[in-house]
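Beneath this line is the structure, given in structure tokens, with notes to follow.
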Amino acid sequence: MSTKAFASQADLEEKKVSFVQLSPNAYAYTAEGDPNTGVIVGDDAVMVIDTQATPAMAQDVIRRIREVTDKPIKYVVLSHYHAVRVLGAAGYAPEHVIASRDTYDLIVERGEQDKASEIGRFPRLFRAVETVPPGLTWPTITFTGRMSIWLGKLEVQLLQLGRGHTKGDTVAWLPQQRILFSGDLVEFGATPYAGDAYFKDWPQTLDNIARLEPLALVPGRGAALTTPHEVHEGLAGTRAFISDLYAAVQAGVQAGKDLNAVYKEAHARLKPKYGHWVIFDHCMPFDVTRCYDEATQYPDPRIWTAERDRQMWAALEG
């Protein structure tokens, strides 16, 4: 049996970028399942939600923004702490980088390890990695629970609606237009990465998003969801994956099986329904490992390091 290439190392095919306008103020930068970036153009400034993985890659986002406005890019919002979302921040030279206090705490606790880990997992997504400045991306403003930023008359609410993808997840919400930027709490046609997740909390957090009744939603990966029906599909698909995975792992744990056996069973159980989703084979070893941890003895995610990534992969996929 041939061994699967580690994480996304075999994924070298360039993706086609789309820049979709959702309202007079909101845009989605998407790339066929690669990490998305949200853009909000206010009366006097631009806000970017999630940055791309390197400052060199951020230049393509800036080029699209400059096709629609010359207003300054004043704010960068980090939906969570993962390197693939934040290391491009310097490319925008923003006045402020905003994150939840929980995200800030995660950067302090595990930012360096996460940076090394993710660069190893996703060579294609860290194009021109040498353009990333030394050190980490630090917020200049943090908040707890909720905060409003006013771009002239346009209100952007930054909300923590619960733990899911990480403990620090933040969504950006345009209440006047009912458009939501979800970060990786919601994916569409892409496998949720859950290596740092809270499986028991995530479905409730998705319900909290649904209660806002968004008319459009920009997921962390996948196409922009431009109708209430598509938004419902995105939420339902993400919820089903998280719930199905947790149920499969819990069944194995209750039967006294070890991680290796649980992984093989969960993979076999989920592949028919979700195997066609982007990065399924990359995510599953990380997702099942975290889920097994949560179902056994680790309520909070353990830190992934480049070394732990490789050891886990060899144990489950070797």
* Asked: Looking only at heavy atoms, which two atoms of Lys115 and Pro134 are closest? And how far apart?
  ->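 Of all heavy-atom pairs spanning Lys115 and Pro134, the closest is NZ-C, 4.3 Å.
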May I ask you to check whether over 12 heavy atoms, not counting those of [X], lie within 6.0 Å of atom [atom1]?
| X | atom1 | answer |
| --- | --- | --- |
| Lys71 | NZ | yes |
| Gln204 | CD | yes |
| His276 | NE2 | yes |
| Arg146 | CZ | no |

Between the CZ atom in Phe126 and the CD atom in Glu118, the distance rounded to the nearest 0.5 Å is 5.0 Å
Return yes if some donor-acceptor pair links the side-chain N/O of [X] with the main-chain N/O of [Y] below 3.5 Å, else return no.
| X | Y | value |
| --- | --- | --- |
| Trp202 | Leu185 | yes |
| Ser148 | Glu155 | no |
| Asp196 | Thr166 | no |
| Thr296 | Asp293 | yes |
| Thr103 | Gly168 | yes |

Between the side chains of Thr226 and Glu230, does any donor sit under 3.5 Å from an acceptor?
yes
*Residue pair Ser117 / Arg121, side-chain donor-acceptor N/O under 3.5 Å*: yes
[X] vs [Y] side-chain heavy atoms within contact, under 4.5 Å:
| X | Y | result |
| --- | --- | --- |
| Ile303 | Glu109 | yes |
| Val132 | Ile119 | no |
| Asp50 | Phe181 | no |
| Pro94 | Val48 | no |
| Gln176 | Leu174 | no |
| Pro139 | Ile107 | yes |
| Gln311 | Glu307 | yes |
| Ile149 | Phe143 | no |

| said: For Leu225 and His232: C-alpha separation, side-chain torsions, deciding distance, then whether side chain to side chain contact (heavy atoms under 4.5 Å, CB included) applies. | reply: CA-CA 9 Å; Leu225 308 174; His232 174 76; over 6 Å; no
Can you classify the ring geometry of [X] versus [Y] as parallel (below 30°), tilted (30 to 60°) or perpendicular (above 60°)?
| X | Y | result |
| --- | --- | --- |
| His282 | Trp313 | perpendicular |
| Tyr274 | Phe241 | perpendicular |
| Tyr27 | Phe19 | parallel |

Open item on the list: Looking at Phe122, I'd like to know if the NZ or CZ of Arg127 sits under 6.0 Å from its six-membered ring centre while staying within 45 degrees of the ring's axis.
Closed with: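 Verdict for Phe122: no cation-pi partner in Arg127.
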inquiry  = Using ring centroids (six-membered ring only for Trp), state whether Trp277 and Phe280 fall under 6.0 Å.
reply    =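 No, they do not, as the ring centres are separated by 6.0 Å or more.
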**Prompt:** Is the closest basic N to carboxylate O distance between Arg211 and Asp207 below 4.0 Å?
**Reply:** no
Salt bridge (charged side-chain N to carboxylate O under 4.0 Å, His left out) with Arg85: of Asp114, Asp34, Asp184, only one passes, and it is Asp184
Contacts of Asp105 meeting salt bridge (charged side-chain N to carboxylate O under 4.0 Å, His left out) (sequence neighbours excluded), chain-then-number -> Arg101
